[in-house]
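Have a look at the structure below before the remarks.
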Amino acid sequence: MPVLIAPSILSADFGHLHDEIASIASADWIHVDVMDGKFVPNITIGPLIVEAARRASQSLARPLPIDVHLMIVEPDRYLADFRKAGADVLTVHAEACVHLDRSVQYIKQLGALAGVSLNPHTPENVLDYVLDEVDVVLCMTVNPGFGGQSLIDRVFPKIEKIRREIDRRGLKTLIEVDGGVKPENAHRFREAGAHVMVAGSAVFGAKDRKAAIDAIRRA
Ligand code: DX5
Ligand code: ZN
């Protein structure tokens, strides 16, 4: 399975979002970090920016799917809005969902890919009875809230366990990793079994975004 690179626009210049998205045209997904100041300490963006990102993506020769990472409490209240704004993947946090199965089913009803994210300390077994329904497991490799943090090594055994379980069940669920991914460490995530690499500062902090994307892909 090929590696998919998902630059996080959290580290982009929002005054020039269209050009910033054009600069990552060689990536695979556009990762959008939605934060509510409650589930995480930071506040970022809402559906309006997702809509702007979608418009920018649609002006590319090869439009990229919009991967929306909801770091918000009660995400069910906003899923339809984000889907309408253009989300192709909708990811909720297991820790933010009292009825995770219901949230996953709702995302699928809305016609998006259903993602479930786990904070670094959250054990993989919260997925046991929902994994078969999940399209993407987003493993946080930093505590969510900010770009530019260094990755927490303790998460690797969990990624390996989730990989083994997906394979054991014969599922097509993708493992996505988010936080501290760089060209120098991307091979470790690959070896642990991840296929989707989110990278914010490593891509948007680089002068040559295409080279940064290539370097993560090659690793
Ligand atoms: C963190 C966000 C990440 C963040 C990654 O809460 O979910 O997507 O933008 O940024 P880097 O790649 O800089 O760690
Ligand atoms: Zn994210």
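Throughout, residue positions are numbered sequentially from 1 according to the sequence presented. Both counts, for ligands and for their atoms, begin at 1 and track the order of listing.
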Looking at side-chain heavy atoms only, is the closest gap between T141 and F189 below 4.5 Å? yes
Quick note on ligand 1: atoms under 4.0 Å from a heavy atom of H31 include exactly 8 (O)
Quiz prompt | Heteroatom distance test (G180, ligand 1): nitrogen or oxygen, under 3.5 angstrom | solution = yes
Among non-hydrogen protein atoms, atom 13 (O) of ligand 1 lies closest to S201 OG, 2.5 Å
### Query
Is F39 atom CZ crowded by more than 12 heavy atoms from other residues, nucleotides or ligands, each under 6.0 Å away?
yes
One should read off an interatomic distance between S23 OG and E20 CD, to the nearest 0.5 angstrom, of 5.0 Å
min-distance protein heavy atom vs atom 10 (O) of ligand 1 -> G147 CA, 3.5 Å
- Query: Under 3.5 Å, N or O to N or O, is V181 touching ligand 1 that way?
  - Reply: no
The atom name of the N, O or S atom in H69 nearest to the Zn ion (ligand 2) is ND1
One finds that the ligand 1 atoms under 4.0 Å from a non-hydrogen atom of V198 are 8 (O)
_Any donor-acceptor N/O pair, N185 side chain to K182 backbone, under 3.5 Å_ = yes
For S150 and V142, the nearest pair of non-hydrogen atoms, with its separation, is O-CG1, 3.5 Å
among protein heavy atoms, the one nearest atom 6 (O) of ligand 1 is G145 N, 2.7 Å
protein heavy-atom neighbour closest to atom 1 (C) of ligand 1 works out as F146 O, 3.5 Å
M71 heavy atoms within 4.0 Å reach ligand 1 at atoms 6 (O), 7 (O)
Ligand 1 to H69, heavy atom cutoff 4.0 Å, flagged ligand atoms 7 (O)
- Query: Taking the side chain as C-beta and beyond, is there a heavy-atom pair between M1 and L174 under 4.5 Å?
  - Reply: yes
In terms of heavy-atom contacts, I66 and S57 come closest through CD1-CB, 4.1 Å
Which atom of D33 is nearest the Zn ion (ligand 2), counting N, O or S only? It is OD1
Looking at N143, V40, D178, L10, the heavy atom closest to atom 5 (C) of ligand 1 belongs to D178
Under 4.0 Å from one or more heavy atoms of G148, ligand 1 contributes atoms 10 (O), 11 (P), 13 (O), 14 (O)
Any donor-acceptor pair under 3.5 Å linking the side-chain atoms of D33 with those of H31? yes
Inset, instruction - With the side chain counted from C-beta on, respond yes when D178 and S8 share a heavy-atom pair under 4.5 Å apart, and no when they do not. - result: no
Here the N/O/S atom of D178 closest to the Zn ion (ligand 2) would be OD2
Is there a chain of hydrophobic side chains (I, L, V, M, F, W, Y, each step under 4.5 Å between heavy atoms) that links V137 to V3?
-> yes
ask   = Looking only at heavy atoms of K182, does any of them come nearer than 4.0 Å to an atom of ligand 1?
value = no
In this structure, atom 12 (O) of ligand 1 is nearest to the protein heavy atom G200 N, 2.7 Å
**Prompt:** Is it true that A199 lies under 4.0 Å from ligand 1, counting heavy atoms only?
**Reply:** yes
(message) Surrounding CZ of R169 (heavy atoms of other residues, nucleotides or ligands, distance under 6.0 Å), is the total greater than 12?
(response) yes
M35 heavy atoms within 4.0 Å reach ligand 1 at atoms 6 (O)
Please confirm whether S11 comes within less than 3.5 Å of ligand 1 when only nitrogen or oxygen atoms on both sides are compared. no
Numbered in order shown, the ligand 1 atoms found under 4.0 Å of a heavy atom of G179 are 14 (O)
Under 4.0 Å between heavy atoms, the region of P144 that gets near ligand 1 turns out to be both
Shortest non-hydrogen pair, A219 vs A186, comes out as CB-CB, 3.6 Å
(request) May I ask you to say whether E160 pairs ionically with R163, meaning some side-chain N is under 4.0 Å from a carboxylate O? (result) no
Exercise. So, do T44 and M71 sit near enough that their side-chain heavy atoms are less than 4.5 Å apart?
Worked result: no
In ligand 1, the atoms that come under 4.0 Å of a heavy atom of S8 are 8 (O), 9 (O)
